[in-house]
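Working notes for the structure below.
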2 protein chains.
Amino acid sequence: MAREPSKKRSREIVDAAARMFHERGYADTSVQDVAHAVGILKGSLYYYIDSKDDLLFRVLEDVHEDARHLLDDVAAMDAPPLERLAAYVRGHVEFNLRNLSKVAVYYHDFALLDPGRREVIIAQRQLYEELVIGLIADAQEAGEVDAGLDAHVAAYSALGMVNWVYTWYRPAGGRRASELAELIAEIVVGGLRAAHR
Amino acid sequence: MAREPSKKRSREIVDAAARMFHERGYADTSVQDVAHAVGILKGSLYYYIDSKDDLLFRVLEDVHEDARHLLDDVAAMDAPPLERLAAYVRGHVEFNLRNLSKVAVYYHDFALLDPGRREVIIAQRQLYEELVIGLIADAQEAGEVDAGLDAHVAAYSALGMVNWVYTWYRPAGGRRASELAELIAEIVVGGLRAAHR
């Protein structure tokens, strides 16, 4: 009787891969290294993934999956658009701070993916970005944000502030993730309210 | 009589290297490729640089040099701190948009530098970041920004919005660089004015 790959083990593998790709670099990490880190044989690892490229793909998909859950939660909120945007920014900054390795690998190694898998990630990312652009467009319709602003530029700028944290945040720095997320949400939302064409 | 390496040629070499590192990746670009792109012999290229690592270093230094000129100009402005910050954001976004390859290489390949050269870049970057943090601290002292905000987090967030543009801007997209820079400056400054502890 075939067994389903355990979800817990699968998660351990993706987490270990993200950590190693981040610390050593993708090129300098082998499937064997990841198997060793998780404490299983290389042959067993191929029960979960079919190649190193597949491992990278799983890391990137993981980032999207969590981001999508967050955006679904935000879409279901009964609140004005900018309040939903603030909740999204807080949630996404906190996610990024808890997943520094995965997020760094996401942005650094995306271009290394095989073209087919890269297309899948690009399509997911576009869907995701459209949701953020949609939140800003809703805020414009509700009169919370100047209707003359370019919602795409505003959305990408907000995403920049949110995503950049992986480049500078050091967990040992002492700042609490929730405080930091709150401050970034205030800057984004306050900036969008204030900007005029 | 020894001749000084021509500045124009030196600039062509750095520009070609940035473009090729960005398009093909650092690992897949050789010193020979860069020499070929500029139309000189590999031996002549070593008159300007001493290794591929040195080429990468020149690309990154170039980014800092321009950013430092910009910050010097801003520091010399006779205007309130947030107005100076807005001028800095506009200038830096426009610089990033005009130098997409160099900026992408700066963030993507920094970690590949030899440790010694990496230290030099880190020191330059810290100096640069301190100047942005200083602008925000000045704005706090002048009462333009809540004194309770963490000036470091605010500065890194502003830098995130400014630097992220290289990941999403496409010159063919039709948006004018100056309009885009103006909108991002408004979001940053408006956000800092609005944020409270």
Side-chain angles (χ1 to χ4, degrees), chain A residues 22-27 89 93 96 104 106-112 125-126 129 136 145-146 148-170 173-177 179-197, chain B residues 22-27 89 93 96 104 106-112 125-126 129 136 145-146 148-170 173-177 179-197:
Chain A
H22 185 210
E23 285 167 9
R24 310 181 176 191
Y26 181 72
V89 170
V93 169
N96 285 348
Y106 184 95
Y107 288 109
H108 196 267
D109 298 327
F110 164 73
L112 301 175
R125 187 188 298 180
Q126 276 170 348
E129 290 171 350
I136 292 174
V145 169
D146 185 337
L149 295 197
D150 185 321
H152 284 73
V153 173
Y156 287 123
S157 299
L159 287 168
M161 217 175 252
V162 166
N163 290 328
W164 198 247
V165 294
Y166 87 85
T167 70
W168 59 267
Y169 182 69
R170 295 293 166 270
R175 290 177 197 98
R176 285 203 1 245
E179 273 175 38
L180 208 150
E182 177 61 35
L183 175 51
I184 294 178
E186 280 198 32
I187 296 174
V188 167
V189 168
L192 289 175
R193 268 190 217 282
H196 291 286
R197 241 205 109 194
Chain B
H22 185 210
E23 286 167 8
R24 309 181 177 191
Y26 181 73
V89 169
V93 169
N96 285 347
Y106 183 95
Y107 288 109
H108 195 267
D109 298 328
F110 163 73
L112 301 175
R125 186 187 300 180
Q126 277 170 348
E129 290 172 350
I136 292 174
V145 169
D146 185 337
L149 294 197
D150 185 320
H152 284 74
V153 173
Y156 287 123
S157 298
L159 287 168
M161 218 176 250
V162 167
N163 289 329
W164 199 247
V165 294
Y166 88 84
T167 70
W168 59 267
Y169 182 69
R170 296 292 165 272
R175 290 177 197 96
R176 285 205 0 247
E179 273 176 38
L180 208 151
E182 177 60 36
L183 175 51
I184 294 179
E186 281 199 33
I187 296 175
V188 167
V189 168
L192 288 175
R193 267 190 218 282
H196 290 286
R197 239 205 110 194

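Order of the sequence lines fixes the chain letters, A, B, ..., with proteins taken first and strands second; residue numbering starts at 1 for each chain. Both backbone and side-chain heavy atoms feed into the values below; hydrogens, waters and symmetry mates do not.
Taking CD1 of A/I187 as the start and CD1 of B/I187 as the end, the distance is 12.0 Å to the nearest 0.5 Å. Rounding to the nearest 0.5 angstrom, the gap separating the CE atom in A/M161 from the CG atom in B/L159 is 9.5 Å.
With hydrogens and angles disregarded, a donor-acceptor distance shorter than 3.5 Å links the side chain of A/E186 to the backbone of B/H196.
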Residue pair B/V153, A/W168: steps toward the side-chain contact (heavy atoms from CB on, under 4.5 Å) verdict: CA-CA 9 Å; B/V153 173; A/W168 59 267; 4.0 Å; yes
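When each of B/L149, B/L112, B/N163 is checked for heavy-atom pairs under 4.5 Å with chain A, B/N163 comes out on top. The most heavy-atom pairs under 4.5 Å with chain A, out of B/L183, B/V162, B/I184, come from B/L183. Considering only heavy-atom pairs separated by less than 4.5 Å from chain B, the leading option among A/V188, A/D150, A/V189 is A/D150.
By the 30° and 60° cut-offs, the orientation of the rings of B/W164 relative to A/W164 is perpendicular.
Nearest heavy atom pair, residue A/G190 against residue B/A194, reads CA-CB, 3.7 Å.
Interface remark: A/A185 contributes no atoms to any contact with chain B (heavy atom separation under 4.5 Å).
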